[in-house]
Amino acid sequence: MTTPTATQQHFFENYPMAIPSAGVLFFDNPTHERVLIVKPRGRALWEIPGGVTEARRGESPLGTARREVAEELGLDITVGRILGIDDPLRRRRDRRTGVRRP
C-alpha cells in the first residue's frame, strides 16, 4: 500500500466536501476467504470495483454499485445490502472513524 505524500494528505484532510461513491465486495465462497480486487487502468493501486455516484442523475449508492460493476467487469448483478457508510467530513470533525453500519 502506498502512503500519501504530505501534499496529498493535506489535500484530502482539507477537501471541502464528500464525494459520494460506492464499491462492491465479491467473495469467492460462503466462508469469505478471498475477495475480488481490480487494478484500474492508469492507477497504481488495486481496489474493489466501484466508483463515484452520479448524484445529479439521482443515482443511489446501490445503483452506483451496480453500474460500476457493469462498467468495470461487464457483469449485471443484484446488489446486496450496504455494509457500511464512510463519512470523511464526520471523521475529520470528530477525529474518529467515519465508517458506520446502516
Side-chain angles (χ1 to χ4, degrees):
M1 183 176 213
T2 304
T3 304
T5 66
T7 301
Q8 291 169 326
Q9 187 67 33
H10 177 71
F11 171 80
F12 289 117
E13 288 175 357
N14 294 288
Y15 197 75
M17 58 179 274
I19 300 173
S21 59
V24 178
L25 294 175
F26 285 97
F27 295 101
D28 66 341
N29 59 43
T31 60
H32 302 120
E33 293 172 359
R34 297 185 301 177
V35 66
L36 173 71
I37 56 174
V38 296
K39 188 169 186 302
R41 276 185 238 136
R43 296 207 183 166
L45 302 176
W46 292 77
E47 57 191 42
I48 62 172
V52 176
T53 299
E54 294 180 1
R56 290 185 179 170
R57 294 180 46 209
E59 188 173 54
S60 69
L62 296 178
T64 301
R66 184 173 186 203
R67 178 182 52 78
E68 288 289 342
V69 167
E71 289 176 4
E72 294 179 16
L73 304 175
L75 300 174
D76 183 16
I77 63 166
T78 299
V79 179
R81 65 187 177 89
I82 295 175
L83 298 177
I85 299 168
D86 180 23
D87 183 346
L89 298 177
R90 180 178 178 190
R91 185 177 25 189
R92 277 202 311 262
R93 184 182 65 238
D94 299 346
R95 303 268 187 234
R96 61 180 184 177
T97 180
V99 177
R100 59 185 170 85
R101 296 185 73 109

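Values below: every heavy atom of this structure, side chains too, minus hydrogens, waters and symmetry copies.
Taking R41 as the reference, nothing meets the side chain to side chain donor-acceptor pair (under 3.5 Å) condition, with sequence neighbours excluded. For L25, the side chain to side chain contact (heavy atoms under 4.5 Å, CB included) partners are F27, V35, I48, L83, not counting sequence neighbours. Annotation: side chain to side chain contact (heavy atoms under 4.5 Å, CB included) contacts of P49 (sequence neighbours excluded): F26, L36, V38, V69, E72, L73.
Taking both residues in full, the closest heavy atoms of P40 and E47 are given as CG-OE2, 3.5 Å, listed atom of the first, atom of the second, then distance. Taking every heavy atom of both residues into account, A22 and P61 meet most closely at CB-O, 3.4 Å. When all heavy atoms of V52 and S21 are compared, the pair lying nearest together is CA-CB, 3.8 Å.
Using modelled atom types, one side-chain atom of R66 and one backbone atom of I77 make a donor-acceptor pair closer than 3.5 Å.
Side-chain contact annotation: E59 with T64, donor-acceptor N/O pair under 3.5 Å present.
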E54 vs R67, salt bridge (Lys or Arg N to Asp or Glu O under 4.0 Å): CA-CA, chis, key distance, verdict: CA-CA 10 Å; E54 294 180 1; R67 178 182 52 78; 3.6 Å; yes
